[in-house]
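Only this structure's heavy atoms are used, side chains among them; waters, hydrogens and symmetry mates stay out. Start at 1 and go down the list; that is how both ligands and their atoms are numbered.
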Amino acid sequence: MVTDGDVRYLRRCGELAAEALEEGDEPFGSVLVGGDGTVLGEDHNRVASGDRTRHPEFALARWAAAHMTPEERAAATVYTSGEHCPMCAAAHAWVGLGRIVYASSSEQLASWSAELGVPEPPVRTLPIQDIAPGVMVEGPVPELAEEVRALHRRFHARFRGAL
Ligand SMILES: Nc1nc2[nH]cnc2c(=O)[nH]1
């Protein structure tokens, strides 16, 4: 179940996604929250650097591996504006992080991208659970997914073909 508290963190992910867009990066933002509710990390997509692995979920998984015990990782939640891609779902599971809550799904992103005429990504679009079946996953959250959709529209209107 997605609670009001979860929605608060997802709104922060939306703000981070909007910051990414302002910097010319793809509009994705994520927050890592410990089992006690402490925000441990935040990041947004940084692929405009030229490194297309610079997804926030991947960066947070690597931070967690370096700074958290296995027990702390298992108790943590990763919030994200868009469902993890297969690379990030794999990193999340290899590192042993806990629950994932996302605002918009990969299936939604694929259909929005098709509508916008965005070329297929080089990595297949799959649900997190096809990659990491042991991870508890919740989403999408319809009212927030619409906001994420608007960010993707803005990104493609501004930066079409830039990445
Ligand atoms: N979830 C997620 N999906 C992506 N697809 C392309 N970039 C990203 C990203 O940073 N996060």
Side-chain angles (χ1 to χ4, degrees), residues 2 6-7 9-33 39-65 76-95 97-133 135-142 144-163:
V2 176
D6 292 329
V7 168
Y9 295 121
L10 288 176
R11 289 201 189 284
R12 178 65 189 141
C13 294
E15 289 171 6
L16 290 161
E19 280 175 30
L21 174 63
E22 290 310 313
E23 293 177 25
D25 296 302
E26 294 176 313
F28 293 95
S30 311
V31 177
L32 172 65
V33 178
V39 175
L40 299 172
E42 299 184 333
D43 203 4
H44 64 66
N45 177 291
R46 299 181 187 278
V47 298
S49 64
D51 179 351
R52 295 195 68 185
T53 69
R54 293 199 62 188
H55 297 186
E57 301 94 329
F58 196 51
L60 291 176
R62 301 202 72 209
W63 185 90
T77 298
V78 173
Y79 295 89
T80 190
S81 59
E83 183 176 3
H84 287 45
C85 76
M87 171 183 75
C88 297
H92 183 102
W94 280 120
V95 162
L97 280 164
R99 179 170 171 250
I100 292 174
V101 186
Y102 61 77
S104 62
S105 69
S106 297
E107 192 184 348
Q108 287 174 316
L109 178 63
S111 85
W112 303 336
S113 297
E115 271 174 37
L116 293 165
V118 177
E120 292 270 313
V123 174
R124 197 183 294 279
T125 300
L126 294 170
I128 292 167
Q129 274 149 336
D130 282 9
I131 306 293
V135 176
M136 187 198 293
V137 182
E138 302 197 68
V141 178
L144 299 179
E146 273 311 307
E147 290 173 26
V148 176
R149 181 183 197 172
L151 291 174
H152 282 281
R153 278 218 187 94
R154 271 169 51 202
F155 175 79
H156 288 290
R158 267 204 230 175
F159 302 111
R160 174 177 294 278
L163 294 175

Any non-hydrogen atom of Cys88 lying under 4.0 Å from ligand 1? no
Of the listed options (Glu57, Arg54, His84, Arg52), which comes nearest to atom 2 (C) of ligand 1 when hydrogens are ignored and any heavy atom counts? Glu57
Salt bridge or not for Arg62 and Asp43, using N-O below 4.0 Å? no
Salt bridge between Arg158 and Glu22, side-chain N to carboxylate O under 4.0 Å? yes
Please confirm whether the ring centroid of His84 lies under 6.0 Å from the ring centroid of Phe28. no
Pairs satisfying side chain to side chain donor-acceptor pair (under 3.5 Å), at least one member in residues 118-127, at least two apart: none
Regarding ligand 1, does [X] bring an N or O atom to under 3.5 Å of one of the ligand's N or O atoms?
X: Glu83; result: yes
X: Leu109; result: no
X: Asn45; result: yes

Which residue and heavy atom of the protein sit nearest atom 5 (N) of ligand 1, plus the separation: Phe28 CZ, 3.6 Å
Atoms of ligand 1 less than 4.0 Å from Gly82 heavy atoms? 1 (N)
If we number the atoms of ligand 1 from 1 as shown, the ones under 4.0 Å from a heavy atom of Pro56 are 10 (O)
d(Cys13 SG, Glu42 CD) to nearest 0.5 Å is 8.0 Å
Once rounded to the nearest 0.5 Å, what's the spacing between atom OH of Tyr102 and atom CD1 of Ile128? 6.0 Å
Heavy-atom distances under 4.0 Å are what count here, so tell me which part of Glu26 touches ligand 1: side chain, backbone, both or neither. side chain
Partners meeting side chain to side chain contact (heavy atoms under 4.5 Å, CB included) with Glu146 (sequence neighbours left out): Arg149
